Amino acid sequence: MIKEIIESYSILVQEFNILVDEPMENYTSFKIGGTADLVALPENRFELKDLLKRAWELDIPVTLFGRGTNLLITDRGIRGLVVITKQLKSRIQIIEKERDTITIFADAGERLSKVCQFAINNTLSGLEFAAGIPGTIGGAIIMNAGTKSGEMSTIIKSIEVLNQDTLEVETIGTDLLDFSYRHLNLSGIIVSAAITLKKGNQELIEQIFKHNLNRKNTSQPVSFASAGCFFKNPVVGRSAGELIDRAGLKGMSVNDAAVSEKHGNFIVNIGNASCEDILLLKQQIQKKVFEKFNIQLETEVRIEGE
Ligand code: EPU
């Protein structure tokens with residue numbers, strides 16, 4: 001079995017540009033994660049397609065992510081191939097103009113912040129909620145990233161998806177996309193998105209972006225390594241951050257994993273935290289919040305690896 005795995009790995013390494021035994025801590029905002037056996041960063045959809053086709057033929061398990069900003073990778077790392085889509089980008093552009101709506105196109109690996117800047121430069125309104133949200137467009141869509149003032153589902157017109165069975169790229173319109181809170185139920189791999197925005201007022205757009213960014217910077221520990229909000233907000237009642245705060249858990253730590261003093265729903269890596277440290281702290285938070293409020297907090301951050 002091991003011999004077969006080594007053989008299939010070496011075929012992939014010979015045929016594609018692949019990094020071997022790559023530390024994943026360099027690819028996540030948490031700065032945590034053991035090594036991945038194989039890592040590829042395809043630069044266009046054709047490379048992506050060829051790579052996935054070959055990996056599937058060779059029975060190599062594939063894990064996909066973008067800039068790793070909502071991701072916790074285990075200390076033992078990831079077996080098989082990790083495909084990182086953050087190099088999958090071309091030119092953000094306007095593809096359709098109607099009376100007061102404008103549709104823009106971006107590849108999945110494009111930074112959300114760059115798409116926001118494009119909107120500001122072109123006086124387009126609709127992305128203000130996304131000010132300061134890190135990560136790629138693809139990641140933001142699959143997580144249905146958002147805030148109280150908006151989420152990705154409200155501005156997506158369609159996405160292009162690489163179908164895992166046919167290996168064809170197909171366009172899926174927003175009416176067929178099953179978005180929910182911080183989630184898109186999708187099989188297939190997002191390669192690009194068409195986003196519909198409204199022609200707006202330059203001054204107002206800039207003002208709202210600035211306001212949202214300021215709010216984020218003052219209420220969240222943006223200069224610390226983290227994966228953003230760690231838990232989902234409960235459907236009703238107080239937010240996860242407020243519950244953790246009221247339970248008196250700010251500053252609680254397991255080695256270098258700590259509950260942020262600034263925002264209760266952020267677990268920060270204050271030095272050399274391991275995934276194990278983060279998971280132990282997560283359990284303690286869940287236990288304490290449950291004891292105090294009878295509410296079971298659910299993890300928002302995606303966990304990958306063995
Ligand atoms: N609060 C506290 N103590 C804390 C943190 C918050 O009392 O330590 C209170 C705040 O005062 C406020 C309420 O809890 O009354 C909500 O806090 P906040 O406005 O910070 O919003 P949130 O619900 O904690 C959500 C998103 C964030 C997003 C902000 C900005 C989720 C899980 N979180 O946070 O998204 O940036 O709104 O509007 O939906 C993320 O998804 O990674 C993320 C950070």
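In this text, all values refer to a predicted model and were calculated from it rather than measured experimentally. Residue indices begin at 1 and follow the sequence shown.
In this structure, L249 is a member of the same hydrophobic cluster as I295, with clusters built from ILVMFWY side-chain heavy atoms closer than 4.5 Å. Transitive grouping of hydrophobic side chains (ILVMFWY, heavy atoms separated by less than 4.5 Å) brings I133 and I104 into a common cluster.
With N255 contributing its side chain and A257 its backbone, the two residues share no donor-acceptor pair below 3.5 Å. Although no hydrogens or angles enter the test, the distance criterion places a donor-acceptor pair under 3.5 Å between the side chain of R182 and the main chain of N144. T166 places a side-chain N or O within donor-acceptor distance of the main-chain N or O of E168, the cut-off being under 3.5 Å. Side-chain N or O atoms of S260 include none that pairs as donor or acceptor with a backbone N or O of G264 at under 3.5 Å. A donor-acceptor distance shorter than 3.5 angstrom exists from the side chain of T218 to the backbone of N214, with no hydrogens or angles considered. Distance alone, capped at 3.5 Å, places no donor-acceptor pair between the T69 side chain and the S29 backbone.
Residues K199 and D100 are not paired through a salt bridge, judged by the lack of any N-O separation under 4.0 Å between the basic side chain and the carboxylate. Note on K288 versus E291: no salt bridge recorded, every NZ/NE/NH1/NH2 to OD/OE distance being 4.0 Å or above. Between E43 and K89, none of the side-chain N atoms (NZ, or NE/NH1/NH2) sits under 4.0 Å from a carboxylate O, so this pair counts as no salt bridge. K49 has no carboxylate O lying under 4.0 Å from a charged side-chain N of E47, or vice versa, which leaves the two without a salt bridge. Residues K250 and D245 are paired through a salt bridge, judged by an N-O separation under 4.0 Å between the basic side chain and the carboxylate.
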Side chains of residues 225-241: which donor-acceptor partners sit under 3.5 Å, not counting sequence neighbours?
from, atom 1, to, atom 2, distance (Å)
S226, OG, G228, N, 3.1
N233, OD1, A240, N, 3.0
S239, OG, E242, N, 3.3

Give the table of side-chain donor-acceptor pairs shorter than 3.5 Å for residues 114-131, with sequence neighbours excluded, one pair per line with atom names and distance.
from, atom 1, to, atom 2, distance (Å)
K114, NZ, E110, OE2, 3.3
Q117, NE2, N121, OD1, 3.0
N121, ND2, Q117, O, 3.4
N122, ND2, F118, O, 2.8
T123, OG1, Q202, OE1, 2.7
S125, OG, E128, OE2, 2.8
E128, OE1, G126, N, 2.6

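Considering only heavy atoms from C-beta on, N163 stays 4.5 Å or farther from L167 through its side chain. With a 4.5 Å cut-off on side-chain heavy atoms, M252 and V259 count as touching. The shortest distance between side-chain heavy atoms of T171 and V161 does not fall below 4.5 Å. Between L81 and L12 there is a side-chain heavy-atom pair separated by less than 4.5 Å. Considering only heavy atoms from C-beta on, I141 stays 4.5 Å or farther from L186 through its side chain. Side chains of K210 and E206 form no contact here, defined as non-hydrogen atoms less than 4.5 Å apart. Residues L38 and Y9 meet the side-chain proximity criterion, which asks for heavy atoms closer than 4.5 Å. With a 4.5 Å cut-off on side-chain heavy atoms, W56 and Q164 count as touching.
Crowding of R111 atom CZ: a count of heavy atoms from other residues, nucleotides or ligands under 6.0 Å not exceeding 12. For N272, the CG atom sits in a loose shell: 12 or fewer heavy atoms of surrounding residues, nucleotides or ligands are nearer than 6.0 Å. Shown here is N17, whose CG atom has no more than 12 heavy atoms of other residues, nucleotides or ligands within 6.0 Å. Surrounding CZ of F293 are more than 12 heavy atoms belonging to other residues, nucleotides or ligands, all under 6.0 Å away.
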side-chain contact (heavy atoms from CB on, under 4.5 Å) assessment of I195 paired with K157: CA-CA 5 Å; I195 301 166; K157 181 173 192 192; over 6 Å; no
Audit row: Q220, K262, side-chain contact (heavy atoms from CB on, under 4.5 Å) steps and yes/no: CA-CA 6 Å; Q220 298 179 3; K262 208 168 182 183; 5.9 Å; no
Worked verdict on E25 versus K31 for salt bridge (Lys or Arg N to Asp or Glu O under 4.0 Å): CA-CA 4 Å; E25 60 183 36; K31 309 227 173 302; over 6 Å; no
From CA spacing to verdict: side-chain contact (heavy atoms from CB on, under 4.5 Å), T63, V83: CA-CA 6 Å; T63 305; V83 178; over 6 Å; no
Residue pair F65, R302: steps toward the side-chain contact (heavy atoms from CB on, under 4.5 Å) verdict: CA-CA 10 Å; F65 63 88; R302 180 180 144 200; 3.9 Å; yes
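Closest of all the heavy-atom pairs between P61 and R79 is CG-O, 4.1 Å. Closest of all the heavy-atom pairs between I60 and G80 is CG2-CA, 3.9 Å. Here the shortest heavy-atom pairing between D277 and V254 reads CB-O, 3.6 Å. Closest non-hydrogen pair, G66 versus K86, comes out as O-CB, 3.9 Å. Minimum interatomic distance between I73 and G34 (heavy atoms only, all atoms of both residues): CG2-N, 4.3 Å. For Y27 against I84, the heavy-atom pair with the smallest separation is CD2-CD1, 3.3 Å.
For the side-chain contact (heavy atoms from CB on, under 4.5 Å) with L41, the lone residue among I18, L19, L48 that qualifies is L19.
When only modelled atom types and interatomic distance are considered, S274 and E276 share no side-chain donor-acceptor pair under 3.5 Å. A side-chain donor from one of S90 and D107 sits under 3.5 Å from a side-chain acceptor of the other. T103 and T196 share a donor-acceptor pair across their side chains, judged by distance under 3.5 Å alone. Under 3.5 Å, the side chains of E151 and Y181 contain no donor-acceptor pair of N or O atoms.
Every side chain to side chain contact (heavy atoms under 4.5 Å, CB included) that E203 has, sequence neighbours left out, goes to N201.
Interatomic distance, E170 CD to I159 CD1, rounded to the nearest 0.5 Å: 10.0 Å. To the nearest 0.5 angstrom, L52 atom CG is 13.0 Å from R54 atom CZ. One finds the CZ atom of R215 at 7.5 Å from the OG1 atom of T147 (value rounded to the nearest 0.5 Å). Rounding to the nearest 0.5 angstrom, the gap separating the OG atom in S192 from the CD1 atom in I92 is 12.5 Å. The structure places CD1 of I156 at 8.0 Å from CD1 of I190, a figure rounded to the nearest 0.5 Å. The CD atom of E160 lies 5.5 Å from the CZ atom of F105; values are rounded to the nearest 0.5 Å.
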